[in-house]
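What follows is a single structure, written as structure tokens, with notes after it.
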Amino acid sequence: MTRFFDLMSLPARESLGFSSSPSANHDRTNAGSSMIRLDANENPFGPSPLAVEAAAAALNISNLYPDDDSIPLRRKLADVHQIPGEQILITAGSTQMLSLLCQTLLGPGLNAITSERSFVVYGMAVRASGAQIIEAPMRGDHIDLAAILDLINEHTRLIFLANPNNPTGTMLDAESIEQFIAEVHRHVVIVLDEAYYEFAAYFAERRKVNYSGSLDYVRRTENVVVLRTFSKVHGLAGLLIGYGMVPAELMGYCARMRNTFSLSSVAQAAALAATADQDHVLETLANNAEQAQILGVGLSELGFHVLPTWANFLYCNVVQEAAAFAHRLREHGISVRPLEAWGAPGCIRVSIGTPQQNDAFLHAAQEIARRPPDTRVVGQ
Ligand SMILES: Cc1ncc(COP(=O)(O)O)c(C=O)c1O
């Protein structure tokens with residue numbers, strides 16, 4: 001009998017599997033389920049009605065292969081961001097763009113650097129390319145740019161910075177990024193993953209902080225790639241569509257590595273329509289900022305420690321074993337993400353939902369806090 005283990009490429013053999021959801025055994029797409037899902041940073045209001053309408057129209061011509069160059073969407077994004085269309089690559093989620101960058105720039109003997117307690121897909125994509133992922137320690141709950149700089153060597157080709165970071169929700173301001181880029185040698189490409197850009201920009205305006213000047217680097221064709229997605233503020237996670245803004249030469253290489261027709265016409269049509277629905281975006285952002293405040297206060301009153309967020313989720317130390325806490329929340333019909341696998345066994349990440357969802361979450365958390373378990377884990 002064939003033993004497939006013996007046939008595997010080294011990266012396939014050594015890559016660890018990852019269950020993307022604590023509710024992996026639960027059908028996330030089951031519309032009939034009453035589970036309140038605050039575990040994947042999705043838009044609690046759903047997609048824009050304009051996007052749904054456009055997607056339905058695209059379904060009618062789904063006998064045809066999609067536009068492999070995503071021309072109308074690329075034109076629209078070029079206009080919105082004032083970046084030449086030749087520097088925009090639209091992909092099946094920003095995670096596909098991460099894989100393309102790894103396939104293009106990495107291989108055995110090379111490495112990529114990120115921070116500890118950051119987006120899990122960086123490690124997965126790097127290992128799948130046969131390269132090594134190196135995680136820099138954090139400073140408290142913040143990405144430590146100096147620690148990342150210290151780890152760069154001649155074999156480094158990529159640095160991933162999630163900004164805001166998932167799961168801590170922390171943000172690196174424009175000045176820190178500017179200084180960092182100036183110090184990184186030109187053999188390294190810096191990926192600024194701005195999946196939560198709109199949320200951070202909204203907070204930054206109100207908090208009078210300079211969040212991101214990332215697109216200036218792409219316009220100046222520096223060694224910087226910026227990632228954005230339609231999965232978060234636009235509520236199109238189920239269609240998986242995102243994009244990278246990339247120096248033109250690198251873009252050519254990444255485009256070569258793509259599968260043909262990897263992006264459905266339904267996703268392209270929905271994304272294009274979503275860009276036109278500012279009301280939907282603003283409703284989402286206003287709710288997020290207001291509810292972040294309410295949730296933060298409610299959780300603090302329970303004696304939990306909440307980090308100020310720049311995204312659509314909160315990082316919260318529940319001062320007890322988070323996995324058990326999350327388990328008990330599920331019994332109340334609420335799913336959040338416990339962060340033991342990120343090295344934070346006392347913390348959860350909870351997505352900011354609608355006022356009703358957050359209210360239900362706070363009530364359940366109160367109930368659980370009133371009857372604490374025996375084991376208490378202090379620390380992260
Ligand atoms: C930092 C970060 N980047 C990228 C993504 C995924 O984006 P997409 O759905 O476009 O693949 C996520 C999703 O949670 C994320 O947290």
Side-chain angles (χ1 to χ4, degrees), residues 81-83 87 94 97-98 101-102 105-106 110-119 121-123 125-126 131-229 243-251 307-311 315:
H81 297 308
Q82 294 296 293
I83 295 264
Q87 288 188 246
S94 45
M97 189 68 214
L98 289 172
L101 287 164
C102 292
L105 286 157
L106 296 176
L110 299 173
N111 71 63
I113 305 174
T114 189
S115 170
E116 66 172 333
R117 252 186 299 156
S118 192
F119 187 42
V121 176
Y122 304 146
V126 170
Q132 185 197 4
I133 181 81
I134 302 175
E135 292 189 358
M138 293 188 115
R139 199 170 18 88
D141 293 314
H142 296 263
I143 290 179
D144 186 345
L145 292 176
I148 292 179
L149 280 176
D150 281 348
L151 290 169
I152 298 174
N153 61 33
E154 74 267 33
H155 305 300
T156 306
R157 292 291 175 274
L158 279 165
I159 293 174
F160 297 108
L161 294 177
N163 194 27
N165 185 41
N166 174 9
T168 56
T170 50
M171 187 271 277
L172 296 159
D173 66 22
E175 290 75 23
S176 317
I177 297 277
E178 173 90 26
Q179 276 175 23
F180 178 77
I181 290 174
E183 291 190 50
V184 173
H185 197 276
R186 290 291 178 265
H187 71 272
V188 182
V189 173
I190 301 154
V191 180
L192 300 176
D193 181 348
E194 296 184 335
Y196 304 96
Y197 175 86
E198 296 83 356
F199 299 102
Y202 191 86
F203 281 124
E205 202 183 319
R206 277 144 194 86
R207 295 172 186 168
K208 309 264 178 282
V209 172
N210 192 4
Y211 160 48
S212 173
S214 59
L215 296 186
D216 286 342
Y217 304 112
V218 181
R219 286 188 200 106
R220 294 201 300 252
T221 318
E222 298 198 19
N223 50 334
V224 171
V225 170
V226 176
L227 304 186
R228 301 271 175 89
T229 182
Y243 54 105
M245 290 174 275
V246 190
E249 189 189 355
L250 176 58
M251 156 102 182
L307 280 189
T309 187
W310 293 85
Y315 181 83

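Just so you know, these numbers come straight off a predicted model, no measurement behind them.
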Fill in: For Thr156 against Val188, the heavy-atom pair lying closest together
O-CG2, 3.6 Å
Item to complete: Rounded to the nearest 0.5 Å, what's the gap from CD1 on Ile148 to CD1 on Ile159? Could you check?
Response: 6.5 Å
Worksheet item: If you look at every heavy atom in Ser214 and Val226, which pair is closest and at what distance?
Response: CB-CG2, 3.6 Å
Discussion item. Quick check for you: to the nearest 0.5 Å, what is the distance between Tyr315 atom OH and Thr309 atom OG1?
Written reply: 12.5 Å
Practice prompt. With sequence neighbours left out, write down each residue that passes salt bridge (charged side-chain N to carboxylate O under 4.0 Å, His left out) with Arg206, or none if nothing qualifies.
Written response: none
Practice prompt. Not counting sequence neighbours, which residues clear side chain to side chain donor-acceptor pair (under 3.5 Å) with Ser115? List them please.
Written response: none
Worksheet entry | Donor-acceptor contact below 3.5 Å, side chain Glu116 vs main chain Met138 | yes
Item to complete: Applying salt bridge (charged side-chain N to carboxylate O under 4.0 Å, His left out), name anything that partners Arg219, two or more places apart in sequence or on another chain.
Response: Asp216
Discussion item. For the CD1 atom of Ile113 and the CD atom of Gln132, what is their distance to the nearest 0.5 Å?
Written reply: 9.5 Å
Discussion item. Any non-hydrogen side-chain atom of Asn163 less than 4.5 Å from a side-chain atom of Leu192?
Written reply: no
Worksheet item: Sequence neighbours excluded, which residues qualify as ring pair (Phe, Tyr, Trp, His ring centres under 6.0 Å) partners of Tyr211?
Response: Tyr197
Worksheet, complete the sentence: Sequence neighbours excluded, the answer for side chain to side chain contact (heavy atoms under 4.5 Å, CB included) partners of Ala147 is Ala136, Pro137, Asp144
Practice prompt. Could you list the residues that satisfy side chain to side chain contact (heavy atoms under 4.5 Å, CB included) with Ser94, not counting sequence neighbours?
Written response: Leu227, Thr229
Fill in: Under the ring pair (Phe, Tyr, Trp, His ring centres under 6.0 Å) test, residues paired with His185 that sit two or more places apart
His187
Discussion item. Please report the interatomic distance CG(Asp173) to CD(Glu178), rounded to the nearest 0.5 Å.
Written reply: 11.0 Å
Worksheet item: In Å and rounded to the nearest 0.5 Å, what is the CE to OG1 distance from Met251 to Thr221?
Response: 13.0 Å
Practice prompt. List the atom of Val218, the atom of Val246, and the distance in Å for their closest heavy-atom pair.
Written response: CG1-N, 3.8 Å
Worksheet item: Any side-chain heavy atom of Gln82 within less than 4.5 Å of one from Leu215?
Response: no
Worksheet item: Run the side-chain contact (heavy atoms from CB on, under 4.5 Å) check on Ile143 and Leu161 step by step: do they pass?
Response: CA-CA 8 Å; Ile143 290 179; Leu161 294 177; 4.2 Å; yes
Worksheet item: Is there a donor in the side chain of Ser118 and an acceptor in the side chain of Asn165, or the other way round, less than 3.5 Å apart?
Response: yes
Worksheet item: Between Tyr196 and Pro164, which heavy-atom pair has the shortest distance, and what is it?
Response: CB-CD, 3.9 Å
Response to the item:
Residues passing the ring pair (Phe, Tyr, Trp, His ring centres under 6.0 Å) test with Phe160, sequence neighbours excluded, are Tyr122
Discussion item. Holding to ring pair (Phe, Tyr, Trp, His ring centres under 6.0 Å), I want the full list of residues that pass it with His142, two or more places apart in sequence or in another chain.
Written reply: none
Discussion item. For the CG atom of Asn210 and the CD atom of Glu175, what is their distance to the nearest 0.5 Å?
Written reply: 4.5 Å
Worksheet, complete the sentence: The complete set of salt bridge (charged side-chain N to carboxylate O under 4.0 Å, His left out) pairs with one or both residues in residues 192-202, sequence neighbours excluded, reads Glu194-Arg228
Worksheet entry | Smallest separation among heavy atoms of Asn111 and Ile134, with atom names | CG-CD1, 3.7 Å
Item to complete: Could I get the full list of side chain to side chain donor-acceptor pair (under 3.5 Å) partners for Glu183, not counting sequence neighbours?
Response: none
Worksheet entry | Closest non-hydrogen atom pair, Leu105 against Val189 | CD1-CG2, 3.9 Å
Item to complete: Output all residues satisfying side chain to side chain contact (heavy atoms under 4.5 Å, CB included) with Ile181, sequence neighbours left out; order by chain, then residue number.
Response: Ile177, Ile190, Tyr217, Glu222, Val224
